[in-house]
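Okay, so here's the structure we're looking at.
Lettering of chains follows the sequences in order, A, B, ..., and the numbering in each one begins at 1.
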Protein chains: 2
Amino acid sequence: MVPRSISNMERGTRVCQNAVMQRTRGRAPTGGRAGALSQELIVDAAVELLDERGERGLTFRLLAKHLHTGPGALYWHVTNKDVLVTLAADQVLGRALAAAPRSAEDAGSGLRALAIAVFDALDRHPWAAPHVNAPPTLENGLRLLDRIGTLVARTGLPAERHFTVSTAISYYITGVSAQIIVPCATLDATTSRDAFLDQTAARWEELDPADYPFLTSTAKDLRDHADRDQFITGLDMLLDGLNTTADPRPPA
Amino acid sequence: MVPRSISNMERGTRVCQNAVMQRTRGRAPTGGRAGALSQELIVDAAVELLDERGERGLTFRLLAKHLHTGPGALYWHVTNKDVLVTLAADQVLGRALAAAPRSAEDAGSGLRALAIAVFDALDRHPWAAPHVNAPPTLENGLRLLDRIGTLVARTGLPAERHFTVSTAISYYITGVSAQIIVPCATLDATTSRDAFLDQTAARWEELDPADYPFLTSTAKDLRDHADRDQFITGLDMLLDGLNTTADPRPPA
DNA sequence: ACCTGAACACCGTTCAAGT
DNA sequence: ACCTGAACACCGTTCAAGT
């Protein structure tokens with residue numbers, strides 16, 4: 001009667017991240033009878049629906065229909081919708097990590113490549129970015145931070161700064177990605193990104209230059225900027241700062 | 001019959017940010033009969049409720065009760081819930097900007113003080129951070145970016161880089177704040193932040209050091225870190241990077 | 001152990017009707 | 001012009017009942 005998935009759930013409106021980790025403990029998905037549900041199957045289907053229809057478009061009823069069951073069945077495998085979306089986001093992050101190059105000449109370019117790979121993956125699944133949580137508790141969140149930390153340790157930065165610097169980089173990657181990507185995803189079919197930027201730039205130009213000296217002069221730059229370049233610009237500033245701080249002890 | 005607030009609304013699940021800007025155009029709030037609604041009153045009450053009960057706890061029914069009306073009345077002044085939360089977040093940002101020191105010796109420390117003031121304000125209203133949108137369209141979002149850009153222009157950085165660098169800093173402030181602040185806000189009363197960090201650190205320690213060399217060695221640092229320090233560490237790296245890039249042309 | 005589907009409690013939003 | 005409140009459409013979640 002008591003679904004396994006909420007056995008150690010926390011009270012409150014949100015669920016403890018630790019509860020999220022648990023997976024089906026019985027036989028592997030293929031071990032049951034054909035067509036049996038599993039958390040993996042549910043998360044896969046959720047990612048598909050999220051890609052198609054966004055977070056609001058993901059519904060337990062719709063998801064159940066896609067999986068040929070009733071909504072109640074899903075709750076046996078997944079605590080609730082929050083957890084489902086978090087698991088789905090972690091899956092997207094996992095794909096990004098698999099695609100990110102593992103070898104790098106130096107720590108700096110390794111961090112750069114890793115960050116860009118994550119940005120690109122989140123860019124393809126815009127609903128995911130805000131749900132990649134920190135501090136990480138899910139598998140791929142943990143892997144991401146570990147890879148960052150391992151690279152940071154190679155810079156020659158004093159050991160007592162590794163944690164703070166690594167988490168700062170991790171926050172940059174997921175936080176700035178979310179900022180850049182989410183607003184684009186909320187634009188609907190009738191308003192293209194270009195049209196939106198055009199409108200916004202026009203509004204900036206109409207502002208009073210006495211009040212908004214910068215925006216009025218930079219409105220033109222808004223029209224044809226590339227989101228990815230903005231991410232990379234900030235990233236390079238951050239990594240430059242890393243080198244500056246690390247400089248006293250150059251990489252071995 | 002047609003509420004003013006949706007007169008130029010966009011179609012789709014989300015609303016065009018431009019529609020958000022409009023405010024009551026009639027007489028000033030105090031000009032109507034006593035107790036009359038206005039967008040300002042509604043947003044103020046929304047901020048209060050959001051602080052108390054979070055985004056999910058904000059309900060048009062509850063908000064209407066607090067304002068002694070029915071839910072339908074609110075829709076005359078505010079397009080929908082998304083817009084309301086965005087307006088509320090902009091109000092919070094406005095308070096932060098008012099509190100941020102305006103004078104600064106050099107651009108770098110001005111940027112630092114501004115960023116920290118915004119972080120602190122968002123930290124006091126954790127629901128707000130993810131709704132401070134970029135590129136900005138609401139009043140205080142515009143003011144924030146303009147202040148950043150004006151400071152960046154003083155660094156001696158070549159003019160063609162002002163836009164990208166300024167938006168990168170702006171993304172850092174709001175994006176990283178959201179990453180740091182939101183997970184704390186979702187912890188409920190039964191799980192304190194300390195308990196959560198303790199649990200998470202314990203989980204990190206149990207990981208296989210061969211797979212997670214960094215996390216297993218840094219788990220202790222997770223237990224007693226300060227969120228604000230992480231924000232500032234990354235911020236300083238970013239601003240150091242700014243100096244590096246700007247160095248060829250030292251501030252006049 | 002795992003699935004079913006009806007039912008509960010709720011919420012955003014609309015709209016005819018009022019003032 | 002602005003407000004009222006009932007009603008619509010929907011959704012997350014639960015749970016007694018099945019296999």
Only one of T167(B), N133(B), T174(B) passes side-chain hydrogen bond (donor to acceptor under 3.5 Å, both in side chains) with Q179(A); say which it is.
T174(B)
Provide, to the nearest angstrom, the distance between the CG atom belonging to L67(A) and the C1' atom belonging to dT4(C).
14 Å
Would you mind reading off the distance between L41(B) atom CG and dC3(D) atom P, rounded to a whole angstrom?
10 Å
Would you tell me if any nitrogen or oxygen in the side chain of H77(A) comes within less than 4.0 Å of OP1 or OP2 on dC3(C)?
yes
Below the 4.0 Å mark, does dC2(C) have OP1 or OP2 next to a side-chain nitrogen or oxygen of W76(A)?
yes
Is the F119(A) ring parallel, tilted or perpendicular to the F231(A) ring (thresholds 30°, 60°)?
parallel
What protein N or O atoms touch nucleotides 5-12 of chain D N or O atoms at under 3.5 angstrom, if any, and at what distances?
| unit_1 | atom_1 | unit_2 | atom_2 | d |
| --- | --- | --- | --- | --- |
| dG12(D) | OP1 | L58(A) | O | 3.4 |
| dG12(D) | OP1 | K81(A) | NZ | 3.0 |
| dG12(D) | OP2 | F60(A) | N | 3.1 |
| dG12(D) | N7 | R61(A) | NH2 | 2.5 |
| dG12(D) | O6 | R61(A) | NH2 | 2.6 |

Of the non-hydrogen atoms in E55(B) and L50(B), which two are nearest, and what is the gap between them?
CA-CD2, 3.6 Å
Does a donor on one side chain and an acceptor on the other come within less than 3.5 Å for R203(B) and Q199(B)?
no
Looking at R193(A) and D227(A), does any basic side-chain N land under 4.0 Å from a carboxylate oxygen?
yes
L144(A) side chain reached by P136(A) side chain, heavy atoms, under 4.5 Å:
no
Can you give the dot-bracket line for DNA chain D, using ( ) for pairs inside the strand, [ ] for pairs that cross earlier ones, | for pairs with another strand and . for unpaired bases, where Watson-Crick and G-U count if both distances are under 3.5 Å?
||.|||||...|||||.||
Taking atom P of dT13(C) as reference, at what distance in whole Å does atom CG of L62(B) sit?
16 Å
Take atom CG of L84(B) and atom C1' of dT13(C), then tell me their distance rounded to the nearest Å.
14 Å
Charged N to carboxylate O under 4.0 angstrom, R228(A) versus D120(A)?
yes
Out of curiosity, L142(A) CG to L93(A) CG, how far, rounded to the nearest 0.5 Å?
10.0 Å
